[in-house]
Amino acid sequence: MREYEDTVIYLALKRDKKALARIISLIERDPDKATLLLRKLWPRNPRSHVVGFTGPGGVGKSTLISSVIKLLTDLGKSVAVLAIDPSSPISGGALLGDRVRMRDVRGDVFIRSMSTAAEESLPWKALIAVEVLEGVGFDYILLETPGVGQFNVEIMNAVDTVVLVLMPELGDEIQSLKAGLMEIGHIYVVNKADLPGADLMASQIEASVSGVLVNGWKPCLVKTIAFSKERVRGLVEALFKRDEYLRKRTDLLHKKRANRWLLEVRLITEDTFKNKLHAYLSKGTVMRNLLNEILSKGQDTITLSNLVLKELSSMIQENK
């Protein structure tokens with residue numbers, strides 16, 4: 001077994017796609033077993049530029065990322081992509097279609113789709129996969145999140161650069177985005193810039209972020225047409241400027257890694273606790289006792305919920 005692990009790590013450090021896929025599959029399937037490999041691959045210092053692409057559905061994020069990949073690899077950069085697809089709340093399955101939409105990129109680009117529950121956008125297992133990809137030294141790690149939502153605001157704690165992708169004719173959506181998402185972007189993209197209203201939207205965004213500084217960085221705006229490499233070049237140039245800025249601010253890079261690690265710890269802990277709570281409440285005797293407390297003793301559900309949390313906390317401390 002030790003020999004197999006050493007072989008997988010050796011190949012992963014050479015950015016072998018099969019080895020990386022095996023490690024990420026193990027993270028998804030059995031995270032505890034994956035820790036043996038993670039300890040040897042964990043990035044102790046920032047090595048990659050981690051870029052998060054977010055924005056409403058249908059704005060062309062996948063096509064845009066595909067063109068960005070082509071330009072980055074043309075310039076000799078190594079690239080990995082994690083595409084997050086929402087899972088069905090009924091079947092639990094996910095389309096995982098981004099590998100199909102990005103199939104015309106170079107063969108040495110690592111692309112992995114990962115599913116997420118319907119109520120979240122950035123699963124902690126995807127963040128652990130980012131650690132693996134940074135540990136093996138990819139120059140750029142591109143993270144695509146599905147749609148927009150409150151969780152997407154937390155993407156700023158997971159990546160070095162947030163690229164917010166919008167398109168003309170969003171209408172009132174731009175107003176709702178201003179409430180939170182418009183405040184976290186480092187690069188704003190008006191995609192499908194050949195559509196009517198692109199210039200107006202660009203003006204609205206520039207007015208919204210005018211005077212804003214994000215950790216000393218002045219957000220910039222780029223207009224793109226995703227299926228054209230030439231019309232995406234401005235975005236890649238903006239990424240390079242951002243990369244140059246970050247390399248000069250090593251304190252900021254280390255702070256961002258610390259934020260990501262703390263986010264991972266919180267998400268893993270919350271997920272573990274939620275699973276244990278679900279297992280505890282799934283016991284028939286527990287549910288019958290709780291119902292009896294309400295019917296015969298006049299307890300209220302808030303008090304009972306606090307008692308459940310106290311009992312579960314005690315069980316966890318006792319490693320039951």
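From a predicted model like this one, the values you see are computed outputs, not experimental measurements.
- In this structure, L164 CG and K61 NZ are separated by 9.5 Å, a value rounded to the nearest 0.5 Å.
- Of all the heavy atoms in A198 and A193, the pair that sits closest is CB-O, 3.4 Å.
- Residue V136 is not grouped with residue L36 when hydrophobic side chains (ILVMFWY) are merged at heavy-atom distances under 4.5 angstrom, including chains of intermediate members.
- At least one donor-acceptor pair under 3.5 Å links the side chain of T35 to the backbone N or O of D32.
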For R260 and E134, what are the C-alpha separation, side-chain angles and deciding distance, and is it a salt bridge (Lys or Arg N to Asp or Glu O under 4.0 Å)?
CA-CA 13 Å; R260 190 171 75 214; E134 180 161 30; 2.8 Å; yes
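- Nearest approach of S48 to L133, heavy atoms of both residues: OG-O, 4.3 Å.
- For K255, the NZ atom sits in a loose shell: 12 or fewer heavy atoms of surrounding residues, nucleotides or ligands are nearer than 6.0 Å.
- For the pair L246 and L252, the minimum side-chain heavy-atom distance is below 4.5 Å.
- Checked against D160 for a salt bridge (Lys or Arg N to Asp or Glu O under 4.0 Å), the options R47, K256, R257 give a single hit: R257.
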Evaluate salt bridge (Lys or Arg N to Asp or Glu O under 4.0 Å) for R266 paired with E270, printing each intermediate quantity in order.
CA-CA 6 Å; R266 179 171 66 80; E270 288 176 353; 3.1 Å; yes
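- Judged as a side-chain hydrogen bond (donor to acceptor under 3.5 Å, both in side chains), and not counting sequence neighbours, the contacts of D300 are T303.
- Closest heavy-atom contact between L41 and A12: CD1-CB, 4.5 Å.
- More than 12 heavy-atom neighbours from other residues, nucleotides or ligands sit within 6.0 angstrom of CG on L213.
- Environment of CZ in F273: crowded, with over 12 heavy atoms of neighbouring residues, nucleotides or ligands closer than 6.0 Å.
- Residues satisfying the salt bridge (Lys or Arg N to Asp or Glu O under 4.0 Å) criterion with R22, sequence neighbours excluded, are absent altogether.
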Side chain to side chain contact (heavy atoms under 4.5 Å, CB included) assessment of L142 paired with I69:
CA-CA 9 Å; L142 311 182; I69 293 170; 3.9 Å; yes
Let's go through L290 and M287 carefully: what are the C-alpha distance in whole Å and the side-chain angles of both, what is the deciding distance for side chain to side chain contact (heavy atoms under 4.5 Å, CB included) to 0.1 Å, and is it a yes or a no?
CA-CA 5 Å; L290 290 174; M287 299 308 290; 4.2 Å; yes
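- The side-chain heavy atoms of L262 and N157, taken from C-beta on, include no pair separated by under 4.5 Å.
- I187 CD1 to L221 CG: the interatomic distance, rounded to the nearest 0.5 Å, is 10.5 Å.
- Under the 3.5 Å distance criterion, with hydrogens and angles disregarded, no donor-acceptor pair is assigned to the side chains of T224 and R231.
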Side chain to side chain contact (heavy atoms under 4.5 Å, CB included) assessment of V236 paired with L72
CA-CA 7 Å; V236 172; L72 288 174; 4.0 Å; yes
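- Residues Y140 and H49 are in side-chain contact: their nearest non-hydrogen atoms beyond the backbone lie under 4.5 Å apart.
- In this structure, V130 is a member of the same hydrophobic cluster as L26, with clusters built from ILVMFWY side-chain heavy atoms closer than 4.5 Å.
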For residues 75-84, please give each side-chain donor-acceptor pair under 3.5 Å, one per line with the distance, not counting sequence neighbours.
from: S78; atom 1: OG; to: D139; atom 2: N; distance (Å): 2.9
from: S78; atom 1: OG; to: D139; atom 2: OD2; distance (Å): 3.2

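- Interatomic distance, CZ of R242 versus CZ of F240, reported as 15.0 Å (0.5 Å rounding).
- Evaluated for a salt bridge (Lys or Arg N to Asp or Glu O under 4.0 Å) with E244, the options K248, K241, R247 yield exactly one hit, K248.
- Within the 4.5 Å cutoff, the side chain of I128 has no heavy atoms near those of the P31 side chain.
- Atoms OG1 and CG, from T301 and N306 in turn, are 10.0 Å apart once rounded to the nearest 0.5 Å.
- Atom CD1 in I205 sits 13.5 Å away from atom OG in S210 (nearest 0.5 Å).
- Using a 4.5 Å cut-off between side-chain heavy atoms of Ile, Leu, Val, Met, Phe, Trp and Tyr, with links allowed through other members, V132 and L11 fall into different hydrophobic clusters.
- Heavy atoms only, all atoms of each residue included: G185 and V214 are closest at O-CG2, 3.9 Å.
- Closest heavy-atom contact between A158 and V50: O-CG1, 4.2 Å.
- Under the 4.5 Å side-chain heavy-atom criterion for ILVMFWY residues, a single connected hydrophobic cluster contains both W42 and I27.
- Listed by first then second residue, pairs satisfying salt bridge (Lys or Arg N to Asp or Glu O under 4.0 Å) with a partner in residues 215-226 read D199-K223, not counting sequence neighbours.
- In this structure, the side chain of W124 does not engage the main chain of V265 through any donor-acceptor pair within 3.5 Å.
- The side-chain heavy atoms of V68 and L239, taken from C-beta on, include a pair separated by under 4.5 Å.
- Hydrophobic cluster of I225: the remaining members, joined at side-chain heavy-atom separations below 4.5 Å, are F227, listed by chain and number.
- The side-chain heavy atoms of M201 and M167, taken from C-beta on, include no pair separated by under 4.5 Å.
- Side-chain contact between L309 and L307: absent, with no pair of heavy atoms (C-beta onward) separated by less than 4.5 Å.
- Inspection of the E131 and W261 side chains reveals an N or O donor paired with an N or O acceptor under 3.5 Å.
- For the pair R15 and F110, the NZ or CZ position fails the cation-pi test of under 6.0 Å to the six-membered ring centre and within 45 degrees of the ring normal.
- No hydrogens or angles considered: a donor-acceptor pair under 3.5 Å links the side chains of S25 and R112.
- In summary, R249 and D251 engage in a salt bridge, as defined by a charged side-chain N under 4.0 Å from a carboxylate O.
- Here CD of E28 is found 6.5 Å from OG of S115. Values are rounded to the nearest 0.5 Å.
- Contact annotation: the side chain of Y188 never approaches that of V222 to less than 4.5 Å [non-hydrogen atoms, C-beta and beyond].
- In the hydrophobic cluster analysis, where Ile, Leu, Val, Met, Phe, Trp and Tyr join through side-chain heavy atoms closer than 4.5 angstrom, Y245 is grouped apart from V163.
- At least one donor-acceptor pair closer than 3.5 Å links the side chain of N191 to the backbone N or O of V59.
- Remark: K310 pairs with no residue by the salt bridge (Lys or Arg N to Asp or Glu O under 4.0 Å) rule, at least two apart or across chains.
- Of all the heavy atoms in P196 and P168, the pair that sits closest is O-CB, 3.4 Å.
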Evaluation steps, side chain to side chain contact (heavy atoms under 4.5 Å, CB included), between T145 and F53
CA-CA 6 Å; T145 64; F53 286 77; over 6 Å; no
